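Each chain gets a letter, A, B and so on, in the order its sequence line appears, and its residues count up from 1. Note that the structure is predicted; figures quoted are calculated from it, not measured.
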Amino acid sequence: MPEMLEVESYRRLAATTVGRTITRVDAADAWFLKGGLTADQVVDALKGHHFVGDRRIGKLLLLDVDQGPTLGLRFGMTGRLVVDGRTSIDHLEYSSDRDDPVWDRFVLGFTDGGDLRMRDPRRLGGVELDPPTDRLGVDALDLTPAGLRAILGTSEAPLKARLMDQARVAGLGNLLTDEILWRAGLDPSRAAGSLSAVEVRRLHRHLLATLHELGARGGSHMGDLQIMRSRDGVCPREGAALLRRTIGGRTTYSCPVHQR
DNA sequence: CTCGACTCCTGTTAGC
DNA sequence: TGCTAACAGGAGTCGA
């Protein structure tokens, strides 16, 4: 699924459209337009204009327009970005690798004949103009040890749920969070506020290292735990049968031996 | 404010 | 072989 690492690769891909004049806007799927946005509004905002900048906050991709509102793209669980027929990742976990134009929910065409497509089989993503960003926490790559400590605070919520709360830390999804906690040796069901200072520092270190390492490997699904995310999976480190639970509303795999 | 439960979407896959 | 039902999770909403 697209978590912050995938969206970061989408951002780099979308950067290749900066400066190119938009001549065509296909926003026929009304469900895909969010925040009360209509097809007419998004056509008016983009047609004849061009992007001047590309940004990312967590899982939200922002494309600034030369005049007018910023275009916000969310990819949900199964969304891909396709620019000029190219994608930035080969495989998307839980999505389909098929290349079906029926799944193009939002398309921008440029004067040079190229285009930008949001391809989302399950339609959990969406497009918005000037999406509110004040409800997003700090991007996970910018998280400091003190910031993490403040976010965990004295919360009784499960550690994993706290880390996936986009209003506190933006960008971490289910796969990244399981991988980070597995590497840090922390039980995802523990109360967030129960971590010692040493554990918070350890979590912070593994959090950043995991983002950098999996980013270099090519995505959130490239973690060491990933291949064992199945009902009969065993811990790659301990060999113990993995726990499969629902934590924070999401399927969670963890090692009962070394995650404490 | 905090936190869990519920709902939305639909392709894939396990199982009968 | 063909069908059904379970499953996946990002994000918004609602209520205790």
By the 4.0 Å heavy-atom rule, please label [X] as base, sugar-phosphate, or nothing.
X	value
A:Arg250	base
A:Ser155	sugar-phosphate
A:Arg168	sugar-phosphate
A:Pro132	nothing

Taking only side-chain N and O atoms of [X], does any of them lie within less than 4.0 angstrom of OP1 or OP2 on [N]?
X	N	answer
A:Arg162	B:dC3	yes
A:Arg244	C:dA8	yes
A:Trp103	B:dG11	yes
A:Arg123	B:dT10	yes
A:Arg231	C:dC7	yes

>> On DNA chain C, compare the nucleotides closest to A:Arg135 and A:Tyr253; which residue's is nearer the 5' end?
In response: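 Whichever sits nearer the 5' end wins; that is A:Tyr253.
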> Pick one: which of A:Asp66, A:Val18, A:Leu62 meets side-chain contact (heavy atoms from CB on, under 4.5 Å) with A:Phe51?
Replying inline: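 Among A:Asp66, A:Val18, A:Leu62, the one that satisfies the side-chain contact (heavy atoms from CB on, under 4.5 Å) with A:Phe51 is A:Val18.
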> Applying the side-chain contact (heavy atoms from CB on, under 4.5 Å) test to A:Leu181, which of A:Leu203, A:Asp187, A:Leu225 qualifies?
Replying inline: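 When side-chain contact (heavy atoms from CB on, under 4.5 Å) is applied between A:Leu181 and each of A:Leu203, A:Asp187, A:Leu225, only A:Leu203 qualifies.
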Rounding to a whole Å, what distance do you find between [X]:[atom1] and [N]:[atom2]?
X	N	atom1	atom2	result
A:Leu60	C:dA11	CG	C1'	12 Å
A:Met164	C:dA8	CE	C1'	13 Å
A:Arg80	B:dT10	CZ	C1'	15 Å
A:Glu128	C:dG12	CD	P	8 Å
A:Asp120	B:dC9	CG	P	13 Å
A:Tyr10	C:dG10	OH	P	13 Å
A:Leu172	C:dG10	CG	C1'	13 Å
A:Ile247	B:dA5	CD1	P	12 Å

> How far does CZ of A:Arg168 sit from CG of A:Leu148, to the nearest 0.5 angstrom?
Replying inline: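 A:Arg168 atom CZ to A:Leu148 atom CG measures 12.5 Å (nearest 0.5 Å).
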> If you take all heavy atoms of A:Val138 and A:Ile151, which pair is closest and at what distance?
Replying inline: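 For A:Val138 and A:Ile151, the tightest heavy-atom pair comes out as CG1-CD1, 4.3 Å.
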> Quick one: does A:Arg11's side chain have a donor or acceptor within less than 3.5 Å of a partner on A:Glu6's backbone?
Replying inline: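 Not at all, since once roles are kept as given, no pair shorter than 3.5 Å links the two residues.
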> Looking only at N and O atoms, is any donor in the side chain of A:Arg74 or the base of C:dA11 less than 3.5 Å from an acceptor on the other one?
Replying inline: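 Absent.
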